[in-house]
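Each remark here refers to the structure printed beneath this line.
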2 protein chains.
Amino acid sequence: METKERILDVAERLFADFGYKATSLRDITGEASVNLASVNYHFGSKDALLTALLERRFAPVNRRRIELLDKLEASAGDTMDLQEIVRAFLSPPFELHSGNAANGRTFLRLVGRIHAETDDIRAAFSTLFEPTVSRFRAAFQNALPHVDADEVAWRTAFLVGSMAHTMMWCESFVSHAAHRPDHSEVLESLIQFGTAGLATPSRQPAVVHARTGERR
Amino acid sequence: METKERILDVAERLFADFGYKATSLRDITGEASVNLASVNYHFGSKDALLTALLERRFAPVNRRRIELLDKLEASAGDTMDLQEIVRAFLSPPFELHSGNAANGRTFLRLVGRIHAETDDIRAAFSTLFEPTVSRFRAAFQNALPHVDADEVAWRTAFLVGSMAHTMMWCESFVSHAAHRPDHSEVLESLIQFGTAGLATPSRQPAVVHARTGERR
DNA sequence: GTCTATATGCGGATAGAC
DNA sequence: GTCTATCCGCATATAGAC
């Protein structure tokens, strides 16, 4: 079934470039050189196409994340290194889609784009995503016993945000850099940044009292 | 001119909730109880409406950011504290729009949403935004002489990402927290997270430092 | 399974009366 | 400045021939 695959590939690229709402079935079927009606025949609707597309890419990514985390837990037990947990979370989307290959870059933009779509679309995505994030939130908490739970939850959100945003604008940011970086370099920087952010001690005294943010 | 203001207010809310493409002029004029043709009369086009809307909110935010940075430079000179630079960058969008008021929350979502719109829309936004980000990138570099320029550029992008993502999904994240946080608490956490991420030493085994959050 | 043709509705934009 | 009416194109989806 070549048609179905072709539709998925083209749709993925167009959704990544222009977003879901902005991409029409005409755009997709046109570029894929298949008939306009074939999307509805094969998938049922535009929404169902998106779901199929997300499943195809994200299920393996999240499976890989959990697998890496399991390995860490098995080998390190309670003394897991925070940076390794961050790496287990961040690296699969970067690595599972073949570094700098064209479709790899497409996938990265798609990740970023999806994180920003309208709430109903994002809801479908969250269902796929939330169990994984929960596992990691718990692992972070475990590695950071001195940081309280709410704080860990927020920092996890910050981490996801820096990841999503970076993936989406990866290409445009390059202009500010002196050389065109490999994705793996960006990934390393992101891991570094995220690890430091997660591990920062809760509230430095000067800040807490100077402003309103005191907690207890 | 009440009509023009009403259109701007409603458009801002709808763009924030559903995105630009997904919001029709009919949605806007319907909710604002003004005539469909009035958008084109007052603004010329849907695009021009968006531009007007962005200018209204972001010009003051960026002016405030620069103002805070100027003050820092004037009082601290070369010994500026990194965290204070981060604060100068992050706090204006949170504070200038009245904390937890309804329109404050709308504005926060708008910020996040805009960062994720299709490239042409985002391009208009970048024009408004890039000069400010450049100033701050330079300030970060100055405060972090031991980190190389590319790295600083990437970390700045990570910071913007965590900010944008947080603003957009602020409301939904709350479910994971034990209590409903004030925006200023989230802001403090974000500043903390960003400062630590920016300040992390370039590439290291980093195990030790990551744990303690130590800078140097 | 794949095509053409079409149903049906919403999109932005405008002309012209008041 | 604000209204109604309308243009015209594109959207998703489906019916029915091949």
Side-chain angles (χ1 to χ4, degrees), chain A residues 1-56 110 113-114 116-125, chain B residues 1-56 109-110 113-114 116-125 127:
Chain A
M1 190 150 311
E2 195 208 5
T3 303
K4 226 170 150 176
E5 292 297 318
R6 278 248 294 290
I7 290 173
L8 281 172
D9 288 342
V10 172
E12 184 169 22
R13 183 160 48 77
L14 294 182
F15 287 163
D17 284 341
F18 305 108
Y20 178 78
K21 283 286 295 187
T23 301
S24 72
L25 294 183
R26 283 174 166 79
D27 294 334
I28 297 168
T29 54
E31 274 204 40
S33 303
V34 300
N35 192 270
L36 172 59
S38 59
V39 168
N40 282 286
Y41 176 76
H42 285 290
F43 297 96
S45 71
K46 191 189 177 185
D47 265 329
L49 168 62
L50 177 67
T51 304
L53 190 156
L54 292 179
E55 283 253 352
R56 180 175 74 150
L110 180 67
R113 183 77 68 189
I114 284 298
E117 285 285 355
T118 326
D119 302 39
D120 51 333
I121 295 169
R122 156 85 190 197
F125 180 69
Chain B
M1 189 149 314
E2 195 209 4
T3 302
K4 226 171 150 175
E5 291 297 318
R6 278 250 292 291
I7 290 173
L8 282 172
D9 288 342
V10 171
E12 183 169 23
R13 183 160 48 79
L14 294 181
F15 287 164
D17 284 341
F18 306 109
Y20 177 79
K21 283 288 292 189
T23 301
S24 71
L25 294 184
R26 283 172 169 82
D27 294 334
I28 297 168
T29 55
E31 273 205 42
S33 303
V34 300
N35 193 271
L36 171 60
S38 58
V39 169
N40 282 284
Y41 176 78
H42 285 291
F43 298 96
S45 71
K46 192 188 177 186
D47 266 328
L49 168 63
L50 177 67
T51 304
L53 190 157
L54 292 178
E55 282 252 352
R56 180 174 74 150
R109 279 204 311 287
L110 181 66
R113 183 77 67 190
I114 284 299
E117 284 285 354
T118 326
D119 301 41
D120 51 334
I121 294 169
R122 155 85 190 197
F125 180 69
T127 310

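Please read all numbers here as calculations on a predicted model, not as lab measurements. By convention in this document, chain letters (A, B, ...) are assigned in the order of the sequence lines, proteins followed by strands, and residues within each chain are numbered from 1.
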Q.
Under 4.0 Å, heavy atoms only, any strand: does Ser38(B) hit a base, just the sugar-phosphate, or nothing?
A. nothing

Q: Give Thr29(B) one of three labels, base, sugar-phosphate or nothing, depending on what nucleic acid heavy atoms sit under 4.0 Å from its own.
A: nothing

Q.
Between Lys46(A) and Val39(A), does the side chain to side chain contact (heavy atoms under 4.5 Å, CB included) criterion hold? Intermediate values first, please.
A. CA-CA 7 Å; Lys46(A) 191 189 177 185; Val39(A) 168; 5.7 Å; no

**Q.** Sidechain-backbone polar pair: Ser38(B) side chain, Tyr41(B) backbone, donor-acceptor under 3.5 Å
**A.** no

Q: Could you tell me whether a side-chain N or O of Asp27(A) sits under 3.5 Å from a main-chain N or O of Ser24(A), the two making a donor and an acceptor?
A: yes

Q. So, for Ser45(A) and Ala48(A), which heavy atoms are closest and what is the spacing to 0.1 Å?
A. OG-N, 3.1 Å

Q | Shortest non-hydrogen separation from Asp17(A) to Arg113(A) and the atoms involved | A | O-NH2, 2.9 Å

Q: May I ask you to list the residues of residues 4-14 of chain A, by number, that have any heavy atom positioned under 4.0 Å from an atom of DNA chain C?
A: none

Q | Contact letters for nucleotides 13-18 of chain D, in which S counts primed atoms plus P, OP1 and OP2 and B counts the base, heavy atoms under 4.0 Å | A | BB----

Q) Of all heavy-atom pairs between Arg6(B) and Ser33(B), which one has the smallest distance, and what is that distance? A) NH2-O, 3.6 Å

Q.
Output the rounded distance in Å from CZ (Phe43(B)) to P (dG12(C)).
A. 15 Å

Q) Between Ser24(A) and dA11(D), is there a side-chain N or O to OP1/OP2 distance below 4.0 Å? A) yes

Q. Which of these, Thr29(A), Leu49(A), Leu53(A), sits in a side chain to side chain contact (heavy atoms under 4.5 Å, CB included) with Ile7(A)?
A. Leu49(A)

